[in-house]
Amino acid sequence: MFARFKDVALLLGRIGVGVVFLAHGLQKWENGIDGTAKFFEQTGIPLPTLAAIFAIAVEIVGAILFIVGFLTPLVGLGFVVVSVGALLSVHLDNGLTGQGGYELVLVLAVAGLALGFNAGKLSLDHALFGRKREAKQLQDA
């Protein structure tokens, strides 16, 4: 019974984190790659066009993959890279809390990382790879 609640909680966590990244990615998409790159350049991010493409891809495609639970460790690492970039380039000088603080990007980074490596059984990763791993572990035991 506890395992089912755990898997539902992990799914809800992936959905929550994924939706926030998706919303941020869609904002960047609306601004366009050039607009996002221009903002990145103003904040001192190196290779702003490449960084804009990376951030938009991670935040849109990665968020969708995260929500359905596919390639979650890779996406979780992508979330960390994007979040650390935002923290260092935009939010750090504002402190942890308050207007423009980095508490949200910090929580998104660590939640993305934790959920990325613990997606649960209600994920495509588990359906495609986890069952095979479990069967192999049973054979080896």
Side-chain angles (χ1 to χ4, degrees), residues 1-140:
M1 181 86 156
F2 176 76
R4 287 186 185 170
F5 286 123
K6 176 183 164 189
D7 290 321
V8 169
L10 292 170
L11 171 63
L12 292 174
R14 285 195 339 264
I15 291 169
V17 169
V19 164
V20 172
F21 274 103
L22 181 61
H24 283 256
L26 292 174
Q27 284 178 327
K28 289 177 181 71
W29 181 258
E30 286 179 18
N31 290 331
I33 292 172
D34 291 338
T36 301
K38 188 174 187 176
F39 173 74
F40 283 4
E41 185 174 33
Q42 291 170 350
T43 60
I45 295 176
L47 303 169
T49 301
L50 186 61
I53 293 167
F54 177 78
I56 291 169
V58 167
E59 291 179 351
I60 294 176
V61 177
I64 293 166
L65 293 175
F66 203 71
I67 290 167
V68 299
F70 187 61
L71 302 175
T72 56
L74 181 64
V75 175
L77 290 171
F79 286 169
V80 168
V81 170
V82 169
S83 296
V84 168
L87 190 153
L88 295 175
S89 64
V90 177
H91 299 282
L92 188 62
D93 290 341
N94 298 321
L96 178 64
T97 60
Q99 183 68 29
Y102 61 85
E103 74 277 6
L104 177 62
V105 292
L106 177 63
V107 168
L108 287 171
V110 296
L113 187 64
L115 291 167
F117 284 91
N118 298 287
K121 291 184 178 179
L122 299 176
S123 67
L124 285 177
D125 284 342
H126 179 75
L128 298 173
F129 311 118
R131 292 181 184 158
K132 293 177 188 175
R133 217 179 355 246
E134 288 174 357
K136 176 127 175 71
Q137 287 173 347
L138 288 174
Q139 286 177 345
D140 293 343

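Taking OG1 from T72 and NE2 from H126, the interatomic distance works out to 12.0 Å, rounded to the nearest 0.5 Å. A distance of 10.5 Å separates OG in S123 from CG in N118, rounded to the nearest 0.5 Å. From L87, atom CG reaches atom CG of L96 across 9.0 Å, with rounding to the nearest 0.5 Å. Interatomic distance, L77 CG to L71 CG, rounded to the nearest 0.5 Å: 11.5 Å. Put simply, CG on N31 and CG on L26 are 11.0 Å apart, with the number rounded to the nearest 0.5 Å.
Shown here are the side chain to side chain contact (heavy atoms under 4.5 Å, CB included) partners of I15, two or more places apart in sequence or in another chain: L11, V19, I67. For V84, the side chain to side chain contact (heavy atoms under 4.5 Å, CB included) partners at least two apart in sequence or on another chain are V80, L88. By the side chain to side chain contact (heavy atoms under 4.5 Å, CB included) test, V8 pairs with L12, L122, sequence neighbours left out.
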Just list the side-chain donor-acceptor pairs under 3.5 Å for residues 36-46, sequence neighbours left out, or say none.
residue, atom, partner, partner atom, Å
T36, OG1, K28, O, 3.0
T36, OG1, G32, O, 2.9
T43, OG1, F39, O, 3.4
T43, OG1, F40, O, 2.9

Side-chain donor-acceptor pairs under 3.5 Å in residues 110-117, sequence neighbours left out?
none

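Side-chain atoms of D7 never come within 3.5 Å of backbone atoms of G120 as a donor-acceptor pair (strictly under, hydrogens ignored). N94 places a side-chain N or O within donor-acceptor distance of the main-chain N or O of G100, the cut-off being under 3.5 Å.
The ring-ring contact (aromatic ring centres under 6.0 Å, His included) pairs that include a residue from residues 60-112 are F21-F79, F66-F79, where partners are two or more places apart or lie in different chains.
Residues A63 and G18 come closest through the heavy atom pair CB-O, 3.2 Å. For the pair S83 and V105, the tightest heavy-atom approach, listed with the atom from each and the gap, is CB-O, 3.5 Å.
Residues V58 and V81 are not in side-chain contact: their nearest non-hydrogen atoms beyond the backbone lie 4.5 Å or more apart. Two residues are said to be in side-chain contact when any heavy atoms from C-beta on lie closer than 4.5 Å; P73 and D125 meet this criterion. The closest side-chain heavy-atom distance from V82 to E59 is below 4.5 Å.
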